[in-house]
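In what follows, a structure is listed as structure tokens, so that the remarks can point back to it.
These numbers come from the heavy atoms of this one structure, side chains and all, not from hydrogens, waters or symmetry mates. Atoms within each ligand, like the ligands themselves, are counted from 1 in listed order.
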Amino acid sequence: MNDQIIVRFIAIGLILFFNTMVQAQSPLFVPDTISGSTIDLQFRNGFTSFYEGISTPTLGYNQDVLGPSIILKKGQNITLNVRNETQDQTTLHWHGLHVSPENDGGPHSIIESQNSWNPNFTVLDEEGTYWYHPHLHEHTEEQVTLGAAGVIIVRDDELSQMQLPKTYGIDDIPVIIQTKSFDESKRIQYDTALDDVVLCNATIGAYFDTPAQVVRFRLLNGSTNRIYNLGISNNIVFSVIANDGGYLSIPVDTDRLIIAPGERFEILLNLTNMQGEEISIMGYNSELPNGYYGAPNPSVMPMGGIPDYEFNSLNGEDFNILDLHIKEPTESGLHSIPNSLIEQTGYNESESSEFRELRFSPLQMGPSNMVNGPFGINNEVFDINEINQNVKLGNVEIWQLTNMTAIAHPFHIHDVQFYILSINGSSPPIHLKGRKDVVLVPPMGGSVRFITKFEDHSNTSVPYMYHCHMLSHEDDGMMGQFLVLPNTLNSNEVSTSDTRIYPNPTTNSVIINGVNNASISIYDQNGNLIKVILDVKNDDEIYLPQMPQGTYHFKVRDNGKKEIIRIIKI
Ligand code: C2O
Ligand code: CU
Ligand code: CU
């Protein structure tokens, strides 16, 4: 053997050695984009090779895992054809988009196996980063964790002169941050606290070749439960330009950014003159306050942890999320960060006409329940047939969230973007001042107040959801639903069919006869909605225990038929 060959042998040996030592670095997967006035999405089973030579069953849209980034234009009318090619039921929700409840893809809009769903809506949203994911009650964690999620980017032609990076996949990059748990055969597990593998866009050990200029990352925490305390290695400062529902008024410089499940932040990194360097987006979770999932301790109480939590090597540690290899800049690359963005004014508290309080608490008492749940909102667990709040269309409302548990919960509401008024009694940090649809409510009596306006969409039978975006909590029932009701009830919807509600008058209950699968809204004499009952079948009995004596109007909707029947309670 001559020397050259020996050197080669040693070199190959070293390469093999390092390859088995370190998780091979993989280029960040950047999903394709999809746009236009009709968008087809196929929800399907797939196989993904997270680990070399091993294929793992996953779920995706039009691809094996995750889905294409949907590019929408503000003002555009769009139809989506969502086809369910799996064996299971699903739904598909446009998280953060302001659409009517029947187009929102919540738990009521089930798509059966081999069936399609065709929502249609006008894009009313601000330029920003949103996302889509299934919302099937009790199965959201399972389907999202197996890979079902994708990014939505709303663009606004009127903002095209803004000096921001916008070349998708080059200097404008979506990053879905998730942690997953794999068993010995590298299958994804859900319903576990052993989510110790970090993925960006379904890539383990991801790196991205970024140009040496200003780059925009659209960060989405698509994790089941985990919160991240983001930072850049070497403590490089970055600028937050947008959160859930659009731009902030000004870029906010920071070196740390907490992102909870469901939240999005767009950040700018100025990498000018850094060609050749390597830096990383990190999770500095050793600094995360206790009581946040992912912190050294998930509970703020000395007792009561999460089973297996201490065996997860990410908890309370610092770890790499995405490595950045800085390469040569592009020709049209930007090299400075703008001074101002889009003025966000919010709503005036004096405009509000309604105040609601939602309280999070464990449904049973005990140190373990304070951290593990199951949790309720106002002591109620989610019931798909029970409407928890009725909101009048056009209302400006203040909602107060109070967390009586030992763990922080990221609260999310459908339909609207809100403005945070206070967190634990003080004004929110500036990077949380824009339009939001998720807010992390601190533990142990922590509180958040926000203000929002319910406009454009109303429906007397299909509700919107609000819930904790830790998917295990949501599936366990930490969710409620609200109707946005039109201001005036249309009284010329008169009975024409043979629906019968009897006895009438009644004392305590009525039987509904002549319906298939109806929804019934009960209004009092003054037109106030008292109760909504969904999925009413023929000959179902409805109990009216809490209703005082008097006249009520039962608005029955069944298969496109609407009628109002007057019932007297004696
Ligand atoms: Cu991201 Cu109700 O969901
Ligand atoms: Cu949502
Ligand atoms: Cu929660």
Side-chain angles (χ1 to χ4, degrees), residues 90-101 103-109 119 125 128-141 143-145 148-152 176 178 193 220-227 244-245 259-264 291-294 298-300 306 358-363 369-377 381-382 384 401-418 435-444 446 448 452 457 463-482:
T90 193
T91 81
L92 190 50
H93 168 57
W94 324 107
H95 178 129
L97 295 190
H98 178 48
V99 301
S100 63
N103 288 306
D104 188 50
H108 294 274
S109 306
D125 309 275
T129 308
Y130 305 84
W131 64 304
Y132 60 98
H133 63 75
H135 217 301
L136 184 67
H137 184 44
E138 293 175 333
H139 297 276
T140 300
E141 174 179 1
Q143 295 188 348
V144 173
T145 308
V151 165
I152 299 172
I176 306 175
Q178 297 176 308
L220 157 64
N221 183 346
S223 299
T224 310
N225 292 326
R226 184 170 301 276
I227 298 169
D244 303 338
I259 186 169
E263 280 189 304
R264 289 87 66 208
Y292 287 32
Y293 188 102
S299 171
V300 284
I306 292 177
L358 304 186
R359 243 165 209 276
F360 312 157
S361 59
L363 293 166
N369 299 104
M370 287 290 279
V371 190
N372 295 296
F375 303 106
I377 301 180
V381 64
F382 181 70
I384 199 157
L401 314 168
T402 309
N403 181 358
M404 302 310 288
T405 79
I407 186 167
H409 301 277
F411 176 87
H412 168 54
I413 184 169
H414 292 208
D415 181 28
V416 293
Q417 294 289 327
F418 54 78
R435 293 156 58 82
K436 295 277 295 160
D437 58 54
V438 179
V439 59
L440 190 57
V441 188
M444 271 342 223
V448 167
T452 190
H457 308 300
Y464 290 111
M465 303 295 128
Y466 54 77
H467 56 91
C468 176
H469 221 290
M470 289 171 78
L471 302 180
S472 64
H473 295 177
E474 174 188 339
D475 280 348
D476 284 350
M478 194 178 178
M479 177 154 72
Q481 44 191 353
F482 66 101

**Fill in**
Heavy-atom nearest pair, Ser223 first then Gln178, reads OG-CA, 3.2 Å
**Request:** For the pair Asp437 (side chain) and Ile413 (backbone), establish whether a donor and an acceptor sit closer than 3.5 Å, ignoring hydrogens and angles.
**Result:** no
**Sequence-distant partners of Tyr132, ring pair (Phe, Tyr, Trp, His ring centres under 6.0 Å), two or more places apart** = Tyr61
**Item:** Polar side chain donor-acceptor pair, Tyr293 to Asn225, under 3.5 angstrom
**Value:** no
**Between Glu474 and His412, a side-chain donor and acceptor under 3.5 Å** = no
**Request:** List for me each residue that meets side chain to side chain donor-acceptor pair (under 3.5 Å) alongside Tyr130, sequence neighbours excluded, and say none if there are none.
**Result:** none
**Item:** Polar protein atoms near the Cu ion (ligand 2) [N, O or S; cut-off under 2.8 Å]
**Value:** His93 NE2, His412 NE2
**Request:** Give a yes or no on whether the backbone of Gly96 and the side-chain of Gln417 come within a donor-acceptor separation of less than 3.5 Å.
**Result:** yes
**Asked** With under 30° as parallel and over 60° as perpendicular, where do the rings of Phe375 and His473 fit, or are they tilted in between?
**Response** perpendicular
**Prompt:** Does the ring center of His469 lie less than 6.0 Å from the ring center of His467?
**Reply:** yes
**Request:** Would you tell me whether His457 and Asp415 have side-chain atoms, one donor and one acceptor, within less than 3.5 Å of each other?
**Result:** no
**Request:** Quick one: the NE2 of His414, atom 2 (Cu) of ligand 1, NE2 of His467 angle, rounded to 10°, please.
**Result:** 120°
**Prompt:** Listing residue and atom name, which protein N/O/S atoms are closer to atom 1 (Cu) of ligand 1 than 2.8 Å?
**Reply:** His95 ND1, His133 NE2, His469 NE2
